[in-house]
Amino acid sequence: MAKDFPTRAENYSQWYNDLVIKADLAENSAVRGCMVIKPYGFAIWEKIQSILDKKFKETGHSNVYFPIFIPKSFFSKEASHVEGFAKECAVVTHYRLKKSPDGKSIVVDEDAKLEEELIIRPTSETIIWDTYRNWIKSYRDLPILYNQWANVVRWEMRTRLFLRTAEFLWQEGHTAHATKEEAIQEAETMLGVYSDFAENWMAIPVLRGVKSPGERFAGALETYAIEALMQDGKALQAGTSHFLGQNFAKAFDVKFLNRENQLDYVWATSWGVSTRLMGALVMAHSDDNGLVLPPKLAPIQVAIVPVFKNPEQLNAISKVVTPIKKALESRGVSVKYDDRDTHKPGWKFSEYEFKGVPLRITIGPRDIENNTVEIARRDTLEKEILQITDIEEKVVHLLDQIQKNMFDRALSFREQNTFTVNTWDEFVDTIENKGGFISAHWDGTAETEEKIKEATKATIRVIPLNNVKENGRCVYSGKPSEQRVIFARAY
RNA sequence: CGGGGUAUAGCGCAGUCUGGUUAGCGCACCUGGUUUGGGACCAGGGGGUCGCAGGUUCGAAUCCUGCUACCCCGACCA
């Protein structure tokens, strides 16, 4: 199914596009910029969802659901927010269709024009804060810790499967707090949830930090983010958590009586991750042979391939495989025993390799005789013959090792592709010829940030949390700087 | 949204310049047989309103106009 598949070195973006489609994760739909997520891709997304959902609930959050439509007037209430999203909104203007005069097609019924247009949500702050006004009267009503799993629409000009689509799936948490400190704590807690998920489940090391003012979310006072490094040396923002201050409370008039019996505006956060994580997963780990999935997110963790010449042999193999499969499943390992006789073993090897299945077990007549199996790791492509005794122990151990190895490999890639530079020449040379994360001094001004972006396409990805203070000179302007920040070209 | 490219069977392509039998090829698919420890082989077979809509013409995959989608490069973004 996946012959003639380009290598990463030949054409990285072609490699990514082909991989997503040929590994059956998603495909382009009939609708411009929108994707169809296929069963294998959606199975991974469902794992991401269920793990994150559990973490949200463990940190005290509940799920809610708000409408997909937002009245247009809501958008103008928070000035910087509307400015940030206005250019990419889909708008509903009518509510009825009718037959065209010639009866051959369907046209919009102009008599069915909406009094007020509805925006298809690009994010839900406005409708949520309009609603929170009714729910919050007293400090006793706080905090409000809600999340919703939803789809949103942003009318992007250039789209790419998972990385940037006009419609995407995500979760958006929206919380309200009595104090500034508590809201900041919440934003930081959720950044921690995201980075734990990225590193310990997706096996992708991330930098934690805050965005420069220029890169902040529209309407936020502080945007926290995790940034990951892809194999082509470009950065990918994998999750954001925003401290919104009292901006939305003021815009939507959400006040409460505090313990001192004084009326005050509530403090807010919002945080989200999207189906973009799927893109990160592919680009961080996969290789020229196809997907490489971390065991903790792989829909199939172990594929068992029997090698047989006739039904009798298959029967003998199945007798050995069935208890192994059961034992693995009882330990929470998802196993696919592929006993189809419609495909040859070699075909199946390639298939599971391309789909990124972490472990493959092969059992044939030789193994039945010797009481062994052949086990192949997707991450290293190594094969070994193992005694069948305690095979489930060995498999569970191997899956742990693969998970760890994938993280370690991604971490050492990031370390090898993180450069500390001190001069502008070095900066340009690194961006042009090496890529990766660049740690450099910045004078803290938006002007310099913009100039650097114009000159090199590199942006400030994060100002790391707990950054070491270090006096230096801005790599671009030469003005004094008190800390290094992380630059990169980004998706 | 600006510049460039592409659109012919599920996928990858030829044919288009120079309009003319029944639109080909490889892979995939179906049937039969031989095979099965890294993408099998032989034989036979099915599948196409040539991206969509108009136009020119006796006749259009081919010429003209408009539209749409995708890919690459810019500006915008999770």
Side-chain angles (χ1 to χ4, degrees), chain A residues 1-6 11-14 16-18 21-22 27-35 83-89 104-105 122-123 151-172 194 211 214-218 223 225-228 235-242 270-280 289-290 305-311 313-314 317 339-354 360-370 372-374 376 381 383 385 453-454 457 459 490-491:
Chain A
M1 63 167 293
K3 297 162 194 168
D4 306 322
F5 175 64
N11 187 339
Y12 191 83
S13 82
Q14 186 76 45
Y16 173 81
N17 291 336
D18 282 18
I21 291 168
K22 289 180 177 166
E27 63 186 34
N28 285 303
S29 71
V31 183
R32 178 198 173 89
C34 296
M35 63 183 161
E83 196 180 323
F85 287 104
K87 285 173 287 185
E88 50 187 34
C89 285
K104 285 181 181 163
S105 62
T123 180
N151 59 339
V152 289
V153 168
R154 297 182 187 175
W155 213 261
E156 299 290 348
M157 312 222 173
R158 276 182 71 188
T159 60
R160 282 186 82 192
L161 293 171
F162 291 122
L163 296 174
R164 185 175 302 113
T165 45
E167 178 196 19
F168 56 94
L169 306 183
W170 77 346
Q171 57 70 217
E172 47 182 328
Y194 288 155
K211 290 287 181 181
E215 294 275 329
R216 266 182 208 144
F217 175 74
T223 287
I226 52 172
E227 289 281 330
L236 188 125
Q237 181 173 305
T240 49
S241 179
H242 314 288
S270 69
W271 28 272
V273 296
S274 71
T275 35
R276 185 179 234 201
L277 289 179
M278 299 281 297
N289 299 305
V305 178
V307 179
F308 57 96
K309 289 182 164 54
N310 52 54
Q313 281 188 343
L314 178 59
I317 292 165
D339 59 355
R340 290 177 295 175
D341 63 358
T342 51
H343 294 280
K344 293 179 58 180
W347 189 92
K348 293 174 186 173
F349 297 164
S350 302
E351 172 78 4
Y352 293 115
E353 195 166 289
F354 195 76
R360 186 191 73 234
I361 294 175
T362 306
I363 304 186
R366 282 202 312 252
D367 299 295
I368 298 296
E369 223 168 278
N370 302 327
T372 59
V373 298
E374 181 195 79
L381 297 172
K383 290 191 280 200
I385 305 291
K453 187 179 177 184
E454 277 171 30
K457 293 184 215 157
T459 51
Y491 276 96

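Chain identifiers are assigned alphabetically (A, B, ...) following the order of the sequence lines, protein sequences preceding nucleic acid strands; residue numbering begins at 1 within each chain. Every value quoted in this text rests on a predicted model; they were computed, and no experiment measured them.
- Residues A:W271 and A:E172 have side chains not in contact (no heavy-atom distance under 4.5 Å, counting atoms from C-beta outward).
- Here A:K344 does not reach the OP1 or OP2 of B:G39: none of its side-chain N or O atoms lies under 4.0 Å away.
- When the C1' atom is used for both B:G19 and B:C64, the distance is 13 Å, rounded to whole Å.
- Taking atom C1' in both B:C29 and B:C67, one finds a spacing of 34 Å when rounded to whole Å.
- Taking the six-membered ring where the residue is Trp, A:F168 and A:W170 present perpendicular rings, their angle passing 60° and hence far from 30°.
- Nucleotide B:G10 has B:C27 as its partner under the Watson-Crick or G-U criteria, with both atom distances under 3.5 Å.
- Under 4.0 Å is where a charged nitrogen must lie from a carboxylate oxygen, and between A:E156 and A:K87 no such pair does.
- Taking atom P in both B:G32 and B:C71, one finds a spacing of 41 Å when rounded to whole Å.
- Close to B:A75, at under 4.0 Å from its OP1 or OP2, lies no side-chain N or O of A:R158.
- One atom, CH2 of A:W155, and another, C1' of B:C76, lie 16 Å apart when rounded to the nearest Å.
- Rounded to whole Å, atom P of B:C71 lies 11 Å from atom CG of A:D18.
- Taking atom C1' in both B:U22 and B:U18, the straight-line distance is 22 Å, to the nearest Å.
- Nucleotides B:C27 and B:G45 place their P atoms 16 Å apart, quoted to the nearest Å.
- Pair assignment for B:G74 gives B:C1, based on Watson-Crick or G-U wobble hydrogen-bonding distances that are each under 3.5 Å.
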| message | Could you go through A:R360 and A:V305, starting from their C-alpha distance and side-chain angles, then the distance that decides it, and tell me whether this counts as side-chain contact (heavy atoms from CB on, under 4.5 Å)? | response | CA-CA 7 Å; A:R360 186 191 73 234; A:V305 178; 4.1 Å; yes
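- Residue A:K457 places at least one side-chain N or O closer than 4.0 Å to OP1 or OP2 of B:G74.
- A gap of 13 Å separates the C1' atoms of B:U57 and B:U62, to the nearest Å.
- Within the 4.0 angstrom heavy-atom criterion, no nucleotide atom of any strand lies near A:K87.
- Residue A:R164 has no polar side-chain atom (N or O) positioned under 4.0 Å from OP1 or OP2 of B:C77.
- Atom OH of A:Y194 is separated from atom CD1 of A:I226 by 8.5 Å, given to the nearest 0.5 angstrom.
- Taking the P atoms as reference points, B:A61 lies 14 Å from B:U16, given to the whole Å.
- No donor-acceptor contact under 3.5 Å links the side chain of A:R154 to the base of B:C77.
- Nucleotides B:A43 and B:U6, compared at atom C1', are 38 Å apart to the nearest Å.
- Annotation: A:W155, atom CH2; neighbour count of heavy atoms from other residues, nucleotides and ligands within 6.0 Å does not exceed 12.
- The partner of B:G39, taking Watson-Crick or G-U wobble pairs whose two distances both stay under 3.5 Å, does not exist in any strand shown.
- Following rounding to the nearest Å, A:N17 (CG) and B:A69 (P) show an atom-to-atom distance of 17 Å.
- Regarding contacts with the backbone of B:C71, every side-chain N or O of A:S13 stays at 4.0 angstrom or more from both OP1 and OP2.
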